[in-house]
Amino acid sequence: MDALLSRILKYLNGALFCDDYYRFCTYLVDHYLELLEREVTQEEVVRGAKIQDEQHMLDFMHRLTCTTGWEAFQKILIQHHMVRLDQIRGRMVGLRAKDIVAEMKKDVSDEEMLAHVSMICEEIDRHERIVLIGALYPMSIAVEFQTDLIIFGKNVVQFHSFDPDMEFSEKDLVIFISATGRAMNGFLASRGDLHPERAHSLLITQNPVYTMEEHKVSDHVLKLPGRFDGLRFNQQLMQIFDLLRIKYYQQYYLGDG
């Protein structure tokens, strides 16, 4: 059975409009650590999530297999968190980022790739929220990365254009995932109202144009080998997200350096 957080993200990432279900899921991700550390009342959740009909929240918890109310739901969330964390610990045993990097196809040396990964993890750690922007398939690849980072205490969300509360600030790290760069350019051209320039940004791409200073749009660029090869790009993304999970877990969650 999927962990409760995984079920929440399945709905949140696939949502098509902003309703009470979406607001509830967004609140759970935004306040995930708080929900693990103290008892939060149902009234706090309803007020904080701006839920318009409290029954919608109860119905949604019921659909997530919790039929006995908010207090039981919070306890299940904590229990599933501990189970997921144990699973992550088991998966991480013996894994080393440099071993994965050594097996990757890349345009740079092992040392340069490890430096890129360390830099991204540092940016993830120092920002309060991580916003992922890209096409449907790259976003689906990012779900395990998203889930694990939330477990580690980071707020990681996929961008939804219909979210009325979405606006960027200096507390955000925006990660654009686009083999060609079109997804990034399209977003920047159409959503200036959200002030993306306030956030720190990273582009993961195959397009070498964006590595050139005169064409650079994001603060950082991680250039992967190949050129507009969707299949290869998606395979590379899996490795990159695995690297980021391992490196962040070891360096920032465990503090092993």
Side-chain angles (χ1 to χ4, degrees), residues 1-85 87-88 124 127-134 136 138-169 171-175 187 191 193-195 199:
M1 182 180 292
D2 286 345
L4 188 52
L5 176 59
S6 298
R7 284 177 253 163
I8 291 165
L9 290 177
K10 280 183 180 178
Y11 182 86
L12 183 61
N13 292 341
L16 297 175
F17 45 84
C18 185
D19 57 7
D20 280 342
Y21 296 162
Y22 178 84
R23 295 185 189 95
F24 178 55
C25 290
T26 299
Y27 179 90
L28 295 176
V29 172
D30 288 349
H31 297 83
Y32 187 77
L33 275 186
E34 183 182 0
L35 294 171
L36 300 178
E37 293 169 351
R38 72 175 184 91
E39 292 184 5
V40 178
T41 67
Q42 183 168 311
E43 291 73 23
E44 285 181 87
V45 178
V46 171
R47 183 174 60 253
K50 301 177 183 178
I51 291 173
Q52 298 173 5
D53 186 339
E54 193 167 338
Q55 186 60 45
H56 290 163
M57 171 178 155
L58 299 175
D59 290 344
F60 191 75
M61 288 190 295
H62 186 101
R63 294 183 184 188
L64 292 174
T65 71
C66 182
T67 61
T68 52
W70 164 253
E71 290 183 4
F73 182 90
Q74 186 177 6
K75 289 178 181 177
I76 293 173
L77 187 67
I78 294 170
Q79 292 168 359
H80 284 208
H81 168 83
M82 299 308 296
V83 171
R84 175 79 182 201
L85 195 53
Q87 292 172 343
I88 291 171
I124 288 172
H127 287 90
E128 290 186 9
R129 182 175 64 171
I130 316 303
V131 183
L132 305 174
I133 300 176
L136 179 62
M139 289 296 96
S140 68
I141 295 172
V143 170
E144 285 297 301
F145 165 79
Q146 180 187 12
T147 305
D148 280 2
L149 265 290
I150 292 172
I151 294 291
F152 300 154
K154 298 303 299 186
N155 183 354
V156 185
V157 297
Q158 295 186 12
F159 173 77
H160 289 95
S161 61
F162 55 75
D163 190 332
D165 297 322
M166 176 63 73
E167 186 169 319
F168 296 110
S169 74
K171 298 178 181 179
D172 295 321
L173 171 66
V174 180
I175 301 180
F187 175 86
R191 296 314 308 262
D193 57 311
L194 303 180
H195 301 288

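These numbers were taken from a predicted model, which means no experiment stands behind them.
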Student check: side-chain heavy atoms of [X] and [Y] closer than 4.5 Å:
X      : Y      : result
Leu194 : Phe187 : yes
Val156 : Ile124 : no
Tyr27  : Lys50  : no
Val83  : Gln79  : no
His31  : Val40  : no
Leu12  : Gln158 : no

So for atom CD, which belongs to Gln55, do other residues, nucleotides or ligands contribute more than 12 heavy atoms lying within a distance under 6.0 Å?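 Counting neighbours around CD of Gln55, more than 12 heavy atoms of other residues, nucleotides or ligands fall under 6.0 Å, so yes.
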
Tell me, yes or no, whether the heavy-atom count around Glu71 atom CD, taken from other residues, nucleotides or ligands under 6.0 Å, exceeds 12.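 Atom CD in Glu71 is not packed in, count stays at 12 or less.
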
Taking all non-hydrogen atoms of both residues, which atom of [X] and which atom of [Y] are closest, and how far apart?
X      : Y      : result
Leu77  : Leu36  : O-CD2, 4.5 Å
Ala142 : Leu132 : CB-CD1, 3.9 Å
Arg23  : Asp20  : NH1-OD1, 3.0 Å
Ile133 : Phe159 : CG1-CB, 3.6 Å
Asp165 : Asp163 : N-OD1, 2.9 Å

Kindly compute the distance separating [atom1] ([X]) from [atom2] ([Y]), expressed to the nearest 0.5 Å.
X      : Y      : atom1 : atom2 : value
Leu5   : Ile150 : CG    : CD1   : 5.0 Å
Asp172 : Ile130 : CG    : CD1   : 8.0 Å
Phe168 : Leu173 : CZ    : CG    : 10.5 Å
Met82  : Ile151 : CE    : CD1   : 10.0 Å
Met166 : Asp193 : CE    : CG    : 11.5 Å
Tyr11  : Thr26  : OH    : OG1   : 9.5 Å

Report the residues that fulfil side-chain contact (heavy atoms from CB on, under 4.5 Å) with [X], sequence neighbours left out, ordered by chain and then residue number.
X      : result
Arg63  : Tyr21
Lys171 : Glu128, Ser169
Leu64  : Leu4, Arg7, Ile8, Phe60, Phe73

Treating Gln74 as the side-chain partner and Arg38 as the backbone partner, does any N or O pair qualify as donor plus acceptor under 3.5 Å? yes

Going by salt bridge (Lys or Arg N to Asp or Glu O under 4.0 Å), name the residues that satisfy it together with Lys75, two or more places apart in sequence or in a different chain.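 With sequence neighbours excluded, Lys75 shows a salt bridge (Lys or Arg N to Asp or Glu O under 4.0 Å) to no residue whatsoever.
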
Does Phe152 have any ring pair (Phe, Tyr, Trp, His ring centres under 6.0 Å) partners at least two apart in sequence or in another chain, and if so, which?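 Applying ring pair (Phe, Tyr, Trp, His ring centres under 6.0 Å) to Phe152 gives Tyr249, Tyr253.
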
Which residues pass the ring pair (Phe, Tyr, Trp, His ring centres under 6.0 Å) test with His195, sequence neighbours left out? none

Can you classify the ring geometry of Phe162 versus His160 as parallel (below 30°), tilted (30 to 60°) or perpendicular (above 60°)? tilted

With side chain to side chain contact (heavy atoms under 4.5 Å, CB included) as the criterion, how do Gln146 and Met139 come out once you've worked through the C-alpha distance, each side chain's angles and the decisive distance to 0.1 Å? CA-CA 10 Å; Gln146 180 187 12; Met139 289 296 96; over 6 Å; no

Suppose we call two aromatic rings close when their centres sit under 6.0 Å apart. Are His56 and Phe24 close by that rule?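 No, they do not, as the ring centres are separated by 6.0 Å or more.
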
Do Glu144 and Arg84 meet the salt-bridge criterion of a basic N to acidic O distance under 4.0 Å? yes

